[in-house]
Amino acid sequence: MSNLSTKRLTKELAELQKKPPGGVTLESADNLSQWVVKVEGAKDTLYQNEVFWLRFTFPSNYPLESPEVVFVRNIPIHPHIYSNGHICLSILYDHWSPALTISSVCLSILSMLSSCTNKERPPDDSRYVAHAAKSPKQTNWAFHDDTV
Amino acid sequence: MKMKIKRWQAVAVWKWDLPDEDDVCGICRNVFDGCCPDCKSPGDDCPLIWGQCSHVFHMHCLLKWLEQESSRGQCPMDRRPFVAASA
């Protein structure tokens, strides 16, 4: 890992432990390159009282390159979340910016859950899951829905 | 009382001229008055760079980002093409 990634991840880890944003808790960070973060569905949304886990895997040149972020264990039913845990969200791929943080990514994902009006899997779920690579970063995503 | 100064030692402090001294670089998240993660001492050896969009970064951090093909030459904050402001 580069100086940049080690130092930035150390800082983000401390901040996430000290003052995490609402609904976000660090579950485990056994090493600097893979963390699991617990996110809670916001009140008055379709995901109220539901708990999910996001697994972050950091490349050695984080934050210049995006982390791999997938849901693990309990996968939310959502039109942009595939049943293998892959998330269709542009900031995780083409629109990544080093100014984004683990906290801000968690909040974006929570807001994506909060704005959902219909709990359903993506229409192409079974086709995608059958052919998808292990990492969603290998997928050539098309981002067409700006509303959710 | 009359005094004669025989020896003196000057001490100066410097700071980057920024609206908020506690501001951090959006890439490394170190304070601007500190340096980027690859440098040892802040100051002229680890300068800041301002964009025309008004966003500031450690120059070393920003250059690393712009070297990435995925950056598309964009400012990490607003994703507009990054153009350095002339001093």
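This one's a predicted model, so the numbers in the text were calculated from it and none came from an experiment. Here is the naming used below: chain letters follow the sequence lines, and residue numbers restart at 1 for every chain. We use all heavy atoms of the structure for the numbers below, so side chains are in, but hydrogens, waters and symmetry mates are not.
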ask   = Where do Lys64(B) and Asn61(A) land on the side chain to side chain contact (heavy atoms under 4.5 Å, CB included) test, with the steps shown first?
value = CA-CA 10 Å; Lys64(B) 279 184 209 150; Asn61(A) 59 347; over 6 Å; no
Cluster question for you: counting only ILVMFWY and a side-chain heavy-atom cut-off of under 4.5 Å, with indirect links fine, are [X] and [Y] together?
X	Y	result
Trp53(A)	Met112(A)	no
Ile75(A)	Val129(A)	yes
Val105(A)	Leu26(A)	yes
Met77(B)	Val56(B)	no
Val70(A)	Ile102(A)	no

ask   = From Lys7(A) NZ over to Cys28(B) SG, what is the distance, rounded to the nearest 0.5 angstrom?
value =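 Going from NZ on Lys7(A) over to SG on Cys28(B), the span is 9.0 Å.
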message = As an exercise, state the distance from CG of Leu4(A) to CD1 of Ile27(B), rounded to the nearest 0.5 Å.
response =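 Interatomic distance, Leu4(A) CG to Ile27(B) CD1, rounded to 0.5 Å: 8.0 Å.
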ask   = Top residue by heavy-atom pair count (under 4.5 Å) with chain A, among Ser71(B), Gly26(B), Cys75(B)?
value =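 Maximum pair count with chain A is reached by Gly26(B).
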query = So which of Glu67(B), Arg29(B), Gln68(B) has the largest heavy-atom pair count under 4.5 angstrom toward chain A?
reply =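 Result: the option with the highest number of such pairs is Arg29(B).
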message = With a strict 4.5 Å heavy-atom criterion, list every residue of residues 36-54 of chain B that contacts chain A, or say none.
response =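 Under the 4.5 Å heavy-atom cut-off, Pro37(B), Asp38(B) qualify.
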request  = Scan side-chain atoms only and decide if Asn30(B) and Lys11(A) contain a donor-acceptor pair under the 3.5 Å cut-off.
outcome  =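 Checked: Asn30(B)/Lys11(A) side chains pair up, N/O donor to acceptor below 3.5 Å.
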message = Take a 6.0 Å sphere around CD of Glu69(B) and say whether it holds more than 12 heavy atoms from other residues, nucleotides or ligands.
response =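 Not buried by this count: 12 neighbours or fewer within 6.0 Å.
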message = Using a 4.5 Å heavy-atom cutoff, which residues in residues 90-101 of chain A come close to chain B?
response =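 Those residues of residues 90-101 of chain A which have a heavy atom under 4.5 Å from chain B are Ile91(A), Asp94(A), His95(A), Trp96(A), Ser97(A), Pro98(A), Ala99(A), Leu100(A), Thr101(A).
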query = Residues of residues 27-48 of chain A under 4.5 Å from chain B (heavy atom pairs)?
reply =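 Those residues of residues 27-48 of chain A which would need a heavy atom under 4.5 Å from chain B do not exist here.
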request  = Hey, could you give me each pair passing salt bridge (Lys or Arg N to Asp or Glu O under 4.0 Å) that has a residue in residues 52-63 of chain A? Not counting sequence neighbours.
outcome  =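 Every pair satisfying salt bridge (Lys or Arg N to Asp or Glu O under 4.0 Å) with a residue in residues 52-63 of chain A: Arg55(A)-Glu68(A).
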